[in-house]
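First up is the structure itself, then whatever we jot down about it.
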Amino acid sequence: MKRRRQNLPKSNSGAIADVSFLLLIFFMVVTTFNKDYKLTMTLPPYTPDKVSGPVPSNRLVQLLLNAENELMIQDEPVGEESTDLLTEKLSKIIKQGLEPIVIIKMHPNTSYQYYIELLAEINAAKNNVRTDLAQENFKKEFAELNINQQKSIEQKVKIKISEQEMKL
Amino acid sequence: MIRKKDKSRSLPEINTTALPDIIFMLLFFFMVTTVMQPSKKGAPLVLPNTITDESTERTKPNELTIFLYNNDEHGQMLSIDGNHAVINNATSALNNAVVTMKENQNFPQKAILRIDQFTTMSAVNKIKELLQMQEILKIEYVHRKEA
């Protein structure tokens, strides 16, 4: 019983600071913040009455996005394989030397998430066409080409996107 | 003028055990008081996920950031510079924001859209149409990357 009263032995606490800083710096280095990414777009100038002229059917890729977030490409319902199908359709038009016009028709209640996914898919399809062209013309990856070669391919792979909201 | 050489005299020992406590207190104080940029003006929203990997840059003064989110009470709302408005009042909200920017000699060049993933496209399209009317034609959809 008497032992309790004894003073505790002094411990050297000078190293606690080192240890805690080590932990702090470790977690600072290991932590990653959620990074934001972007999809850039240029809108057409404002026109009050949105009447579009006739679109030549050989340049047209029509996409339909409904309220249940299902996609149709040229009146065919598609699921997972949409990027491949888009790539195929776009490259067919581009190889004829034409500029594809992608028309996205969407239901007003389509959720933004699916619209963004669709835009990303169009971008991915565009990249695929670019890689294909780079392989065909220069037998190299797109990233390995010099600036002039890259420009010549960019010139060919241009896509117009037109958006319409369905009237209910 | 002659100083005593006191090199040989040792310094009195200082107890440094409380030093980390002070430093941690400072650290926690600054951690707690620091406010990160987006949450200051922003709105509670979840950005959509997708695959593209072009990362965003720091917002410039001539860029207009628009938040679009869902509120349980008021439905779909937008927020510009900390001013929140219902989507039906979007026209005046955007007008005010553009006017304030122009007063500060910042002519809006680009709109940065931070939109909740469950927002409907009718709201998004409305904002885009308003931006076209304001002649802000460059837009940026901010999203997270799919894991």
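Every chain is numbered from 1, with letters handed out A, B, ... down the list of sequences.
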Relative to chain A, which segment of [X] carries a heavy atom at a distance below 4.5 Å: side chain, backbone, both, or neither?
{"X": "B/V124", "value": "side chain"}
{"X": "B/L19", "value": "neither"}
{"X": "B/D21", "value": "neither"}
{"X": "B/I112", "value": "neither"}

Residues forming a side-chain contact (heavy atoms from CB on, under 4.5 Å) with B/F28, sequence neighbours excluded
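B/F24, B/M31.
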
Using residues 113-120 of chain A as the side-chain source, report each donor-acceptor pair under 3.5 Å to any protein atom, sequence neighbours left out, with the distance given to one decimal.
unit_1, atom_1, unit_2, atom_2, d
A/Q113, OE1, B/N49, N, 3.2
A/Q113, NE2, A/E117, OE2, 2.6
A/Q113, NE2, B/N49, O, 2.9
A/Y115, OH, A/E163, OE1, 3.3
A/Y115, OH, A/E163, OE2, 2.5
A/Y115, OH, B/K128, NZ, 3.0
A/Y115, OH, B/Y141, OH, 3.0

Counting only heavy atoms not in [X], do more than 12 fall under 6.0 Å of its [atom1]?
{"X": "A/L23", "atom1": "CG", "result": "yes"}
{"X": "B/I14", "atom1": "CD1", "result": "no"}
{"X": "B/E135", "atom1": "CD", "result": "no"}

So do [Y] and [X] actually touch side chain to side chain, heavy atoms under 4.5 Å?
{"X": "B/L113", "Y": "B/V142", "result": "no"}
{"X": "A/L71", "Y": "A/I73", "result": "yes"}
{"X": "B/T120", "Y": "A/H107", "result": "no"}
{"X": "B/N70", "Y": "B/F118", "result": "yes"}

Residue part contacting chain B, namely of [X], when any heavy atom lies under 4.5 Å:
{"X": "A/N123", "answer": "side chain"}
{"X": "A/M41", "answer": "both"}
{"X": "A/L65", "answer": "neither"}

Which distance, rounded to the nearest 0.5 Å, do you find between the CE of A/M106 and the CE of B/M121?
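It comes to 4.0 Å.
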
Looking at CE of B/M101 and CG of B/N96, how far apart are the two atoms once the value is rounded to the nearest 0.5 Å?
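With rounding to 0.5 Å, CE (B/M101) is 13.5 Å from CG (B/N96).
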
Strictly by modelled atom types, are A/S82 and A/E121 linked by a side-chain donor-acceptor pair under 3.5 Å?
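Yes, a side-chain donor-acceptor pair sits under 3.5 Å.
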
Do any of residues 90-102 of chain A have a heavy atom less than 4.5 Å from a heavy atom of chain B, and if so, which, in residue order?
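From residues 90-102 of chain A, none sit under 4.5 Å of chain B.
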
What parts of residues 125-144 of chain A touch chain B if we use heavy atoms and a cut-off under 4.5 Å?
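Counting heavy atoms that sit under 4.5 Å from chain B, no residue of residues 125-144 of chain A is involved.
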
Of the listed residues (B/E57, B/K138, B/K110, B/M133), which shares the most heavy-atom pairs with chain A below a 4.5 Å separation?
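Most heavy-atom pairs under 4.5 Å with chain A: B/M133.
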
Going through the checks in order, is the side-chain hydrogen bond (donor to acceptor under 3.5 Å, both in side chains) test met by A/E165 and B/N125?
CA-CA 8 Å; A/E165 203 177 288; B/N125 287 336; 2.8 Å; yes

